[in-house]
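Below you'll find the structure, written out as C-alpha cells, and then a few comments.
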Amino acid sequence: MQTNHILEFKELIKKFSRDELLWINGYLSGILEGGGNPTSLEATPSTNLNSTPAPLIKPTIIYGTETGNSKKVALQLQKLLKQNKIQSKTYDASQYPLDKLEKEKFLLIIMSTQGEGEPPVSATNFYQSLEQSNANLRNTQFCVLGLGDSSYPLFCKAGEDIDKNLEKLGGQRIINFTPSDVDFMPVAKSWFNQILNFIQNSASPSLSIQIETTKIATSNQKKSYTGIVKHKVILNDIGSNKETYHIEIEPEEEVDFQPGDAIGFYPKNNENETIEIAKLLNEEGRSTEFLTKNIRGLSGKSLEKFSNLFKIEIKESKIDLIDLLKKYPSNSVDINDVLSLLNPISPRLYSIASSPEAHDGELHIAVSLDKFKVDGLVKTGLCSQFLANYTLNETLPFYIHKNNNFRLPADDKDIIMIGPGTGIAPFRSFIAHRDATGAEGRNWLFFGEQHFVKDFYYQTEIQEWLSTGVLTHLDTAFSRDQKNKIYVQDRLKEHSKEIYDWISNGAYLYICGQKDPMSLDVDKTLIEIIEKEANISKEDAIAYLDDLELNGRYQKDVY
C-alpha cells in the first residue's frame with residue numbers, strides 16, 4: 001500500500017515547479033517536527049527556526065542615487081530582509097547587469113530624482129535602457145520607491161517613470177508607486193514593512209498578493225518666509241581664483257531650523273537674458289513671462305520636446321534656451337509653444353552656516369559664484385549670481401529644507417567634519433552650536449581650498465575656536481600652495497591611526513561639499529584607513545563604512 005502511495009506521489013510532483021517542491025519540502029519538514037500528524041495545509045508550522053522554510057522570494061534591490069540617500073535606504077532594506085532570513089542582492093543601478101532583467105522574479109527599485117525629473121547620472125543608462133527595452137517581465141513582480149523633494153516641479157518623476165516602464169513590460173506591481181519627500185525614512189520604513197509582509201505571506205512567487213496602499217500625501221507648498229539681507233561680504237582675498245560670498249539674512253519672523261538644515265531659494269532669471277529671448281521669438285513685450293521659467297541647462301526630455309517643436313535634430317546634450325534659439329533659429333515657432341515646454345525654475349539649496357543659538361536666529365550662507373565657459377563665453381550660475389547681486393536691506397523670500405539625515409549627535413559624542421570649499425558652511429553651524437550649548441564632545445575639522453592667504457574661509461572664527469578648545473583639531477589642505485596638490489583626503493591619510501581610534505571609540509563622521517570627485521575620494525580614503533588600521537579586507541572595510549552610514553554615524557551632505 002505504501003508503495004502505491006509513493007508512486008502516486010512521484011507522479012503528482014512531476015507537474016510541480018522547483019519553487020513549489022522547495023515549499024513542499026519545508027512544509028513536510030514542519031509536519032515531522034510537529035509530530036507527523038498533518039490535518040490540513042494550514043497546519044501550525046514548527047516553532048523551531050531552523051526547520052521553518054525560508055521564503056522562496058529572493059528580491060533584487062536596485063538603487064539610483066546622487067547624494068547617497070537611495071543607497072542608504074537600499075542597505076537598510078537589505079539588512080531588514082537578512083534579519084528575517086530573506087536572501088537578497090543589492091546593486092547600484094550603474095552596475096546592474098541589464099541582461100538579467102528578464103530573469104528577475106522580484107524587483108525592488110529605489111530611485112531618486114534630479115534636475116528636470118531625471119534620474120541620477122549613475123542611473124541614466126539603467127533608466128534609458130529600461131525605457132527602450134522590449135524585455136518580457138510577465139514573470140516579474142516589482143515595486144518602486146521614489147526619493148525626491150516636493151519643492152521641485154517634477155517630484156519623484158524618475159521613479160514614477162521606472163514604475164510605469166516596468167508595468168509596460170508586463171511586470172506585476174505589488175505595491176503602488178511610493179513617492180517620498182525629503183524626510184524619506186518614515187515612508188521608506190512603511191514601504192519595507194509592506195514588502196516584508198508580502199514576502200512572508202507568499203507561499204510561492206506564483207501567488208500574487210496585491211497590497212492596497214494609502215496614497216501618501218505630498219505637497220510642494222512649504223512654508224515660505226521672508227528676510228532682510230543685512231550683510232554680504234566676499235570671503236576671498238584679492239587675487240583669488242574664487243568669488244565666495246558670506247551672506248546674512250535676518251528673518252522677519254521666527255524661523256524653526258537646526259544645524260544641518262538648508263535654506264531654499266527660488267531665483268529669478270536675469271532680465272537682460274529674458275528680453276533677448278523674447279526678441280528672438282519676435283515677442284519683446286512678453287519677456288517677463290520667462291523670469292520664473294527654467295531657461296538654463298535644458299537637457300534630456302526637454303531637448304527632445306524642442307527637437308519635435310523645431311522639427312530639427314538638436315545635437316547638444318545640454319544647452320541654455322537663449323543659445324538654442326540662436327543656434328537653431330525658427331521664425332515659425334510660437335512663443336506660447338516655447339513657454340509650454342519650459343518647467344518652472346527649481347529651488348536651489350544652500351547649507352545653513354549659522355546656529356539659532358549662536359547667531360540670534362539669523363540665517364547665514366556661503367555662496368560660491370559659479371563661473372564656467374560655453375563656446376568661449378563666460379557664464380555664471382543662476383542662483384549664485386542672483387544672490388551675489390542681491391541688494392542689501394532688500395527683502396528675500398526663502399524656505400527651510402529640513403535635513404534629518406545630517407544632524408549633530410549627543411553632546412558628549414566626538415565628531416569629525418570634512419568640509420572643503422563652501423562645504424565648511426554646515427560645520428561653522430555645528431561648531432558654533434556646540435560652543436553656544438557647551439557640548440563636551442571633541443570636534444575635528446578638515447578644511448581645504450586653493451590658497452591659505454586668499455581662500456581660508458572663516459579663518460578668524462576658526463582660530464578663536466582653536467584657542468578656546470571648542471575645536472580640538474584643525475587640519476587644512478590648500479591645494480595650490482605647493483608644487484604637489486594636497487587635498488583633504490591626503491590629510492586624512494596622514495592621521496590614519498588617530499582617525500580610526502576616534503571612529504572605533506564612537507566618533508561620528510560628516511562630509512559636506514562636491515560629490516564628484518571630492519566625496520568619492522574621501523570614501524575611498526576612509527575605506528583604506530579602516531582596512532589598514534583594523535587589519536581587515538577591503539570588502540570588510542567597505543561593509544564597516546556602510547554600517548557606520550546605516551547607523552547614522554557617517555552622514556553626508558553632498559551635491
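Numbers for residues simply follow the sequence, beginning at 1.
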Could you tell me the separation between the [atom1] atom of [X] and the [atom2] atom of [Y], rounded to the nearest 0.5 Å?
| X | Y | atom1 | atom2 | value |
| --- | --- | --- | --- | --- |
| S240 | E449 | OG | CD | 7.0 Å |
| L339 | E289 | CG | CD | 5.5 Å |
| F406 | I511 | CZ | CD1 | 9.0 Å |
| N404 | Q258 | CG | CD | 7.0 Å |
| L235 | S368 | CG | OG | 10.0 Å |
| D183 | N405 | CG | CG | 7.5 Å |

Got a sec: does the [atom1] of [X] have more than 12 other heavy atoms crowding it under 6.0 Å?
| X | atom1 | value |
| --- | --- | --- |
| E271 | CD | no |
| I238 | CD1 | no |
| K268 | NZ | no |
| Q514 | CD | no |
| E253 | CD | yes |

Any donor and acceptor pair, going by atom type alone, linking the side chain of [X] with main-chain N or O of [Y] inside 3.5 Å?
| X | Y | answer |
| --- | --- | --- |
| D370 | T380 | no |
| Y152 | P347 | yes |
| Q555 | G552 | yes |
| R407 | P259 | yes |
| K515 | E66 | yes |
| N197 | N193 | no |
| Y245 | I365 | no |
| N403 | A262 | no |

Looking only at heavy atoms, what is the nearest atom pair of [X] and [Y], with distance?
| X | Y | value |
| --- | --- | --- |
| G159 | T113 | N-OG1, 3.9 Å |
| A74 | Y63 | CB-CD2, 3.6 Å |
| T226 | F398 | C-CE2, 3.6 Å |
| Y559 | G423 | OH-N, 3.9 Å |
| L154 | N343 | CD1-ND2, 3.8 Å |
| V187 | P179 | CG1-O, 3.9 Å |

Pairing of [X] and [Y] as salt bridge, 4.0 angstrom limit:
| X | Y | answer |
| --- | --- | --- |
| K100 | E104 | no |
| R173 | D163 | yes |
| E243 | K371 | yes |
| D323 | K379 | yes |
| K301 | D161 | yes |
| D237 | K242 | no |

[X]-[Y] side chain donor-acceptor pair, cut-off 3.5 Å:
| X | Y | value |
| --- | --- | --- |
| R296 | N270 | no |
| S354 | H364 | no |
| Y554 | D523 | yes |

Worksheet item: Would D181 and S150 count as a side chain to side chain donor-acceptor pair (under 3.5 Å) if you check the C-alpha gap in whole Å, the side-chain angles of each, and the deciding distance to 0.1 Å?
Response: CA-CA 6 Å; D181 209 336; S150 61; 2.5 Å; yes

Item to complete: For the pair Y96 and T60, evaluate side-chain contact (heavy atoms from CB on, under 4.5 Å) and give the outcome as yes or no after the intermediate values.
Response: CA-CA 10 Å; Y96 177 73; T60 294; 4.1 Å; yes

Sub-6.0 Å ring centroid separation between [X] and [Y]:
| X | Y | result |
| --- | --- | --- |
| Y328 | F306 | no |
| Y458 | H246 | yes |
| F106 | F198 | yes |
| F427 | F430 | yes |

Practice prompt. Give me the one residue out of T140, L130, N134, N136 that meets side chain to side chain contact (heavy atoms under 4.5 Å, CB included) with L169.
Written response: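 The single option meeting the side chain to side chain contact (heavy atoms under 4.5 Å, CB included) with L169 is L130.
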
Worksheet item: Of the options I174, I175, L108, L166, which is the one that meets F142 in a side chain to side chain contact (heavy atoms under 4.5 Å, CB included)?
Response: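 The side chain to side chain contact (heavy atoms under 4.5 Å, CB included) with F142 is passed solely by L166 among I174, I175, L108, L166.
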
Are the side chains of [Y] and [X] in contact, using a 4.5 Å heavy-atom criterion?
| X | Y | result |
| --- | --- | --- |
| N69 | S112 | no |
| S346 | S151 | no |
| N236 | K454 | no |
| I424 | L445 | yes |
| D261 | I263 | no |
| Y457 | T244 | yes |
| Y350 | T422 | no |
| L298 | E316 | no |

Worksheet entry | Verdict with supporting geometry, L382 and I345, side-chain contact (heavy atoms from CB on, under 4.5 Å) | CA-CA 10 Å; L382 172 61; I345 291 176; 4.1 Å; yes

Fill in: Residue pair F265, V367: steps toward the side-chain contact (heavy atoms from CB on, under 4.5 Å) verdict
CA-CA 12 Å; F265 301 102; V367 180; over 6 Å; no

Practice prompt. Quick one: sort the F447 and F456 rings into parallel, tilted or perpendicular, breaks at 30° and 60°.
Written response: parallel

Practice prompt. List the steps, then state whether salt bridge (Lys or Arg N to Asp or Glu O under 4.0 Å) holds for K71 with E549.
Written response: CA-CA 10 Å; K71 178 183 177 182; E549 193 167 353; 5.0 Å; no

Discussion item. Test salt bridge (Lys or Arg N to Asp or Glu O under 4.0 Å) on E362 and K230; report intermediate values, then the result.
Written reply: CA-CA 10 Å; E362 289 185 352; K230 301 294 290 185; over 6 Å; no

Discussion item. Assess the residue pair Q194 and T178 against the criterion (side-chain contact (heavy atoms from CB on, under 4.5 Å)); give the C-alpha distance rounded to whole Å, side-chain angles, the decisive distance to 0.1 Å, and a yes or no.
Written reply: CA-CA 11 Å; Q194 292 172 73; T178 307; 5.6 Å; no

